[in-house]
Amino acid sequence: MEDLFLYSNHGLSMNNKETKSIRIQAERSQHKEHSVPVYLTSSFMFESAEHGMQLFADEVDGNIYSRFSNPNTSEFVEKIAALENCEDGFAFATGMAAVFAGFAALLQSGDHILASRSLFGSSHQILTKILPKWGITHTYVDADKPDTWEKEIIRKTKMIFVETPSNPALEIIDLEWLGKLKDKYGLILNVDNCFATPVIQNPSDFGADLVTHSATKYIDGQGRVLGGIIVGKAELIKEIRFFARQTGPALSPFNAWVLSKSLETLQIRMEKHSSNALKLADSLANNSELEFVKYPFLPTHPNFELAKKQMKYGGGIVTITLKGGFERAKRFINSVEMCSLSANLGDTRTIVTHPASTTHSKLSDQEQAAVGIFPGLIRISVGLENIEDITTDILNAIEKSKLVS
Ligand SMILES: *Cc1c(COP(=O)(O)O)cnc(C)c1O
């Protein structure tokens, strides 16, 4: 990692991640600003013809052009790399730009991806509709049937791509087991860690080579900007950086500034999202209007023990499946009063989403069922409001969505 733009005014005492997420900072200017300014500049100046030559030849470090690097994006990357225990990274305009770059930079025609079936809608679309155009194929495997994965690995398999917990099915995959599987076959393990965030789990500790994030969600945490990032092994990031530098999906300096500021509160936000979500899940667990309540730290979750083992907290997402299917779910959405109706998640505000009619509507009914999206499933991104107010709103909406006979 080129950390020349960065410095710490607390040097050796910066051992803990909460401190790093606050104190890693772009170098101060002569004005000695306390908060980092936004470097709204498309390019940077060369000191001389020779300096320009050296920069382009990678003989000296420095910023050239904000498509390649910028002090704000470097600060953001340095922080996430530190929080994820990774060597290096590159920041993208969106989470999907990061997901796509992870495939496009490292794979070629003929290569094969082993992917868990339960993925974010657009990741699913990239694998099924876009990559096959360039001869990159995939096989979907079931998160709940790990014993079936090994026999789907073929000679051309190069990468394993998973989400844990997955969006929105909240499937949990054993990262320790995955790390061993990828070692046995020499594969690249790429984990979308968006739902957990580095506060809850660090996939690289289990051997993940790449950790991908949509920073739009919990990393921003206040529903303001889009962003994405991949951190991981230096030699892989080098290829991703080359790809991104030429093809231009860079994160804007302003968004990087927002996201880097957000990281200062990530730890306390994730603790609170998780404790609110657990309380909500507990209050709903025995509700007779629901077919199922799913939350990683609820003992009824099929992978409760595993979740407890690899996650520090349960995260901020709870799903409920209403009795009465698609129509009931729509009535529920229309009955909510305080919570927001939106496709986003990870905000301070509680958001309710009906994946079957929105985020995952591009999937056929069969595909939806295979990824654990039932017609009556509601994804609740539990915010930071008072938990009693959140619970009251959800309970009222469950009640109101009953059909009056
Ligand atoms: C939202 C999301 C993405 C995509 O991120 P964008 O920033 O919206 O492009 C990828 N993976 C997961 C798990 C997500 O929730």
Counting distance only, does the side-chain N/O of [X] pair as donor-acceptor with the main-chain N or O of [Y] below 3.5 Å?
| X | Y | result |
| --- | --- | --- |
| Gln25 | His34 | yes |
| Asp142 | Lys145 | no |
| Thr41 | Ser43 | yes |
| Asn396 | Val336 | no |
| Asn72 | Phe254 | no |
| His138 | Leu127 | yes |
| Lys17 | Leu83 | yes |
| Trp257 | Val36 | yes |
| Thr164 | Ile173 | yes |
| Asp209 | Lys233 | no |

For residues [X] and [Y], determine if any side-chain heavy atom of one lies less than 4.5 Å from a side-chain heavy atom of the other.
| X | Y | value |
| --- | --- | --- |
| Lys279 | Val382 | no |
| Leu187 | Lys158 | no |
| Leu345 | Ile351 | no |
| Ile317 | Tyr218 | yes |
| Pro302 | Lys294 | yes |
| Glu171 | Ser116 | no |
| His213 | Glu84 | yes |
| Arg269 | Val199 | no |

Cut-off 3.5 Å, side chains only: do [X] and [Y] have a donor facing an acceptor?
| X | Y | answer |
| --- | --- | --- |
| His360 | Glu367 | no |
| Asp347 | Gln222 | no |
| Gln368 | Ser364 | no |
| Asp205 | Asn85 | yes |
| Thr212 | Asn190 | yes |
| His112 | Thr157 | yes |
| Glu75 | Ser260 | yes |
| Arg349 | Ser342 | no |
| Glu163 | Ser118 | no |
| Glu50 | Gln54 | no |

Do [Y] and [X] meet the salt-bridge criterion of a basic N to acidic O distance under 4.0 Å?
| X | Y | answer |
| --- | --- | --- |
| Lys20 | Glu78 | no |
| Lys330 | Glu327 | yes |
| Glu289 | Arg328 | yes |
| Glu264 | Lys261 | yes |
| Asp88 | Arg241 | yes |
| Asp111 | Lys156 | no |

Worksheet item: Would Glu305 and Lys309 count as a salt bridge (Lys or Arg N to Asp or Glu O under 4.0 Å) if you check the C-alpha gap in whole Å, the side-chain angles of each, and the deciding distance to 0.1 Å?
Response: CA-CA 6 Å; Glu305 295 300 333; Lys309 191 183 98 184; over 6 Å; no
Discussion item. Checking Arg67 against Ser42 for the side-chain hydrogen bond (donor to acceptor under 3.5 Å, both in side chains) test, could you report, in this order, the C-alpha distance in whole Å, the side-chain angles of both residues, the deciding distance, and whether it holds?
Written reply: CA-CA 8 Å; Arg67 168 152 46 83; Ser42 27; over 6 Å; no
Fill in: Cation-pi geometry met for Lys217 and Phe120 (6.0 Å, 45°)
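Verdict for Phe120: a cation-pi partner in Lys217.
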Practice prompt. Determine which pairs satisfy ring pair (Phe, Tyr, Trp, His ring centres under 6.0 Å) with at least one residue from residues 158-196, sequence neighbours left out, and list them in order.
Written response: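 Listed once each, the pairs are Phe103-Phe161, Trp149-Trp177.
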So, for [X] and [Y], which heavy atoms are closest and what is the spacing to 0.1 Å?
| X | Y | result |
| --- | --- | --- |
| Ser401 | Ile398 | OG-O, 2.8 Å |
| Ile126 | Val99 | CD1-CG1, 4.3 Å |
| Val211 | Pro203 | CG2-CB, 4.1 Å |

Discussion item. Please report whether the ring centroid of His124 lies less than 6.0 Å from that of Tyr140.
Written reply: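 Tyr140 vs His124: aromatic centres under 6.0 Å.
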Practice prompt. Find the distance between CD1 (Ile373) and OG1 (Thr359) and round it off to the nearest 0.5 Å.
Written response: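 If we round to the nearest 0.5 Å, Ile373:CD1 and Thr359:OG1 are 6.0 Å apart.
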Return all side-chain donor-acceptor pairs below 3.5 angstrom for residues 244-253, not counting sequence neighbours, or 'none' if the list is empty.
{"unit_1": "Thr247", "atom_1": "OG1", "unit_2": "Phe243", "atom_2": "O", "d": "2.7"}
{"unit_1": "Ser252", "atom_1": "OG", "unit_2": "Asn255", "atom_2": "N", "d": "3.0"}

Worksheet entry | Ile80, Val225, Thr216, Leu266 screened by side chain to side chain contact (heavy atoms under 4.5 Å, CB included) with Leu259, the one that passes |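 That would be Val225.
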Worksheet entry | Test side chain to side chain donor-acceptor pair (under 3.5 Å) applied to Ser357 - qualifying residues, sequence neighbours left out |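 Listed in chain order: His354.
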